[in-house]
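Heads up, the thing below is written out as structure tokens.
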Amino acid sequence: MRNSRLAMGLTAGLATAMLTAGCIAGADDGSTDQQSGKVTVEFWTINLKKNFGDYVQGMIDSFEKKHSDITIDWVDVPGEDIESKLLGAIASGKDVPDAVNIEDYRVDQFSESLADLTPYFDKASLEPYLGGLVDGLRRGEALKAVPWYYGGAPVAAYDTAALTGAGITKPPVTWDEAFADGKKIAAKTGNCAFNALPTVGVLTSYDVPLLSADRTKAAVNNPQAVAVLEKFRAAYSDGTICPGAVGEQERALPQSLENGLAGAAVSDLPFTLLNVQKNAPQVYGRLKVDKAVTGPNGKFVIPGIQTFAVPAKSDVQKQAAEFVKWVTSPENQLALCKLVTVFPSTKKTLEDPFFTDIEPATPADAARKVVVSELPNVVSQNPPVDSELDQAYLKHIREYLSGDTSAGEALGAVADEWNELLAKEK
């Protein structure tokens with residue numbers, strides 16, 4: 001896709017170890033004295049000035065022109081220093097940043113040290129954002145962060161040679177259809193159909209309960225989850241799901257679209273098409289891109305998003321929230337999307353011709369167009385990708401698919417490990 005290297009650089013720069021602050025100190029108990037009058041908002045990023053300095057500084061300059069009483073102090077921290085610098089700031093209560101970018105998987109981890117943004121984001125303020133992404137950042141009644149950008153919603157990519165060989169004329173819509181079509185691909189071509197695990201995102205698309213309402217206990221060991229896992233094990237056993245799908249190195253799966261040993265990728269992020277384009281241009285040229293398959297609720301699950309949070313120890317929370325609104329505004333998100341291949345969290349941004357007038361001349365362009373069509377029905381994955389809960393879940397699921405334990409036993413092991421991890425967060 002366009003400027004993908006810049007996109008990955010931006011994501012890495014903004015995300016690396018970015019928010020600490022959870023269980024260490026600084027709970028949001030409402031006791032912080034807030035400043036008024038002329039104030040300074042300290043805004044932290046990681047390694048952005050070199051490649052994106054003009055963009056960020058432009059947002060700061062335009063904001064300060066509209067808010068003469070607020071000065072933005074932009075601190076761009078080297079990646080290797082951010083964790084120790086922020087941990088020290090939060091723990092000591094001195095020089096705490098006021099607005100800071102964090103990945104969604106850190107929201108639970110540091111929830112107690114983040115301010116509730118509800119007083120600063122009323123219904124009208126939240127209306128521009130995609131509701132499914134906002135809802136994923138609530139913890140009870142508290143809004144712990146607001147969404148910014150992400151790498152896109154999942155899409156499906158099919159090797160048309162595999163579809164033709166299996167006599168499939170219409171791509172599947174649901175996982176059940178994907179399993180049925182995949183079985184045909186495996187039988188007719190001799191190859192597996194696709195790599196897939198019953199991830200937390202898949203369970204979300206089946207409306208499977210994962211956590212208790214207060215997010216303090218696991219609820220994942222339930223009949224709905226058992227049924228989903230059993231569908232996937234059956235597909236793994238009959239060769240529909242590739243045998244290498246259980247490998248931990250997802251970027252080096254032994255069967256893939258690239259090497260011609262898999263017929264499809266039924267739910268993957270758009271940037272994965274870049275690998276096919278680079279490593280297997282002959283396959284790339286015959287790809288058919290469509291919406292990702294999903295569960296019965298028809299929701300497309302975003303596996304990871306970048307967000308903005310305000311630490312609870314900030315004494316300019318209101319002003320910091322105003323700056324966050326500006327950085328994540330539709331116009332500024334559109335400008336960001338034109339710089340790098342990312343997708344916005346605001347609905348109005350998606351109404352711009354940049355997103356509505358996409359000509360699907362290549363599989364990458366088609367993927368962008370498909371993602372835009374899916375965004376009204378997106379939700380964020382909870383627990384998010386890369387959280388300790390997600391990693392613990394995947395460990396047991398890989399063992400389940402290739403082993404002989406029951407789905408209930410696997411989910412019981414997941415629940416036990418989740419409860420241990422959740423207890424540590426209290």
Side-chain angles (χ1 to χ4, degrees), residues 1 4 151-199 201-202 205 228-229 231-295 300-301 303 362-364 366-367 370-371 385 394 397-403:
M1 287 187 184
S4 60
V155 299
Y158 301 91
D159 187 335
T160 52
L163 294 181
T164 300
I168 298 169
T169 58
K170 182 181 178 182
V173 175
T174 66
W175 280 108
D176 285 349
E177 292 176 1
F179 294 145
D181 287 347
K183 195 170 184 178
K184 294 178 184 177
I185 290 174
K188 296 290 186 179
T189 69
N191 291 333
C192 58
F194 47 80
N195 292 284
L197 298 176
T199 62
V202 170
S205 75
V228 175
L229 263 60
K231 289 176 185 286
F232 273 76
R233 177 182 262 179
Y236 185 76
S237 299
D238 67 23
T240 297
I241 294 177
C242 299
V246 296
E248 294 185 18
Q249 301 301 320
E250 296 180 5
R251 295 185 179 182
L253 294 173
Q255 301 88 23
S256 68
L257 277 172
E258 296 171 48
N259 60 27
L261 297 179
V266 295
S267 181
D268 220 335
L269 288 178
F271 72 82
T272 59
L273 295 178
L274 294 171
N275 294 329
V276 183
Q277 182 182 25
K278 177 181 178 182
N279 300 322
Q282 73 282 3
V283 175
Y284 182 77
R286 62 176 187 257
L287 289 181
K288 175 180 176 58
V289 179
D290 211 312
K291 288 185 178 181
V293 299
T294 187
F300 301 97
V301 182
T362 68
V370 167
V371 168
V385 164
L394 288 175
I397 293 309
R398 289 188 175 102
E399 293 172 355
Y400 162 74
L401 285 182
S402 57

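Keep in mind the model is a prediction, meaning the values are calculated, not measured.
Closest non-hydrogen pair, Leu269 versus Pro303, comes out as CD1-CG, 3.9 Å. Taking every heavy atom of both residues into account, Leu257 and Val283 meet most closely at O-CG1, 3.6 Å. The heavy-atom pair separating Ala156 from Lys291 by the smallest distance is CB-O, 3.4 Å. When all heavy atoms of Asn195 and Gly244 are compared, the pair lying nearest together is OD1-C, 4.1 Å. Annotation for Ala367 and Pro270: closest pair CB-CB, 4.1 Å, computed over non-hydrogen atoms. Minimum interatomic distance between Arg286 and Thr160 (heavy atoms only, all atoms of both residues): O-OG1, 2.7 Å.
Looking only at side-chain heavy atoms (C-beta outward), Cys242 and Leu253 stay at 4.5 Å or farther from each other. Residues Tyr284 and Thr362 have side chains in contact (heavy-atom distance under 4.5 Å, counting atoms from C-beta outward). Looking only at side-chain heavy atoms (C-beta outward), Tyr158 and Ile168 stay at 4.5 Å or farther from each other. Inter-residue side-chain proximity for Phe300 and Ser267 is flagged as unmet; no heavy-atom pair is nearer than 4.5 Å. Here the side chains of Arg398 and Leu197 are in contact, with some heavy-atom distance below 4.5 Å. The shortest distance between side-chain heavy atoms of Leu401 and Ile241 does not fall below 4.5 Å. Contact annotation: the side chain of Trp175 approaches that of Phe232 to within less than 4.5 Å [non-hydrogen atoms, C-beta and beyond]. When side chains are defined from C-beta on, Gln255 counts as touching Pro243, because their heavy atoms get closer than 4.5 Å.
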Next item on the list: Might you work through the side-chain hydrogen bond (donor to acceptor under 3.5 Å, both in side chains) test for Thr240 and Asp238, ending with a clear yes or no?
Entry: CA-CA 6 Å; Thr240 297; Asp238 67 23; 2.7 Å; yes

Next item on the list: Before giving the answer on side chain to side chain contact (heavy atoms under 4.5 Å, CB included), spell out for Val289 and Leu273 the whole-Å C-alpha distance, their side-chain angles and the decisive distance to 0.1 Å.
Entry: CA-CA 10 Å; Val289 179; Leu273 295 178; 4.3 Å; yes

Next item on the list: Evaluate side chain to side chain contact (heavy atoms under 4.5 Å, CB included) for Lys231 paired with Asp176, printing each intermediate quantity in order.
Entry: CA-CA 8 Å; Lys231 289 176 185 286; Asp176 285 349; 3.2 Å; yes

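Heavy-atom contacts from other residues, nucleotides or ligands closer than 6.0 Å to CD of Glu248 number 12 or fewer.
At distances below 3.5 Å, at least one donor-acceptor pair connects side-chain atoms of Asn259 with backbone N or O atoms of Pro254. No side-chain donor-acceptor contact under 3.5 Å links Thr164 to the backbone of Ala161.
Between the side chains of Thr189 and Asn191, not a single donor N or O lies within less than 3.5 Å of an accepting N or O.
A distance of 15.5 Å separates SG of Cys192 from NZ of Lys183, quoted to the nearest 0.5 Å. Residue Phe179 holds its CZ atom at 5.5 Å from CZ of Phe194, rounded to the nearest 0.5 Å.
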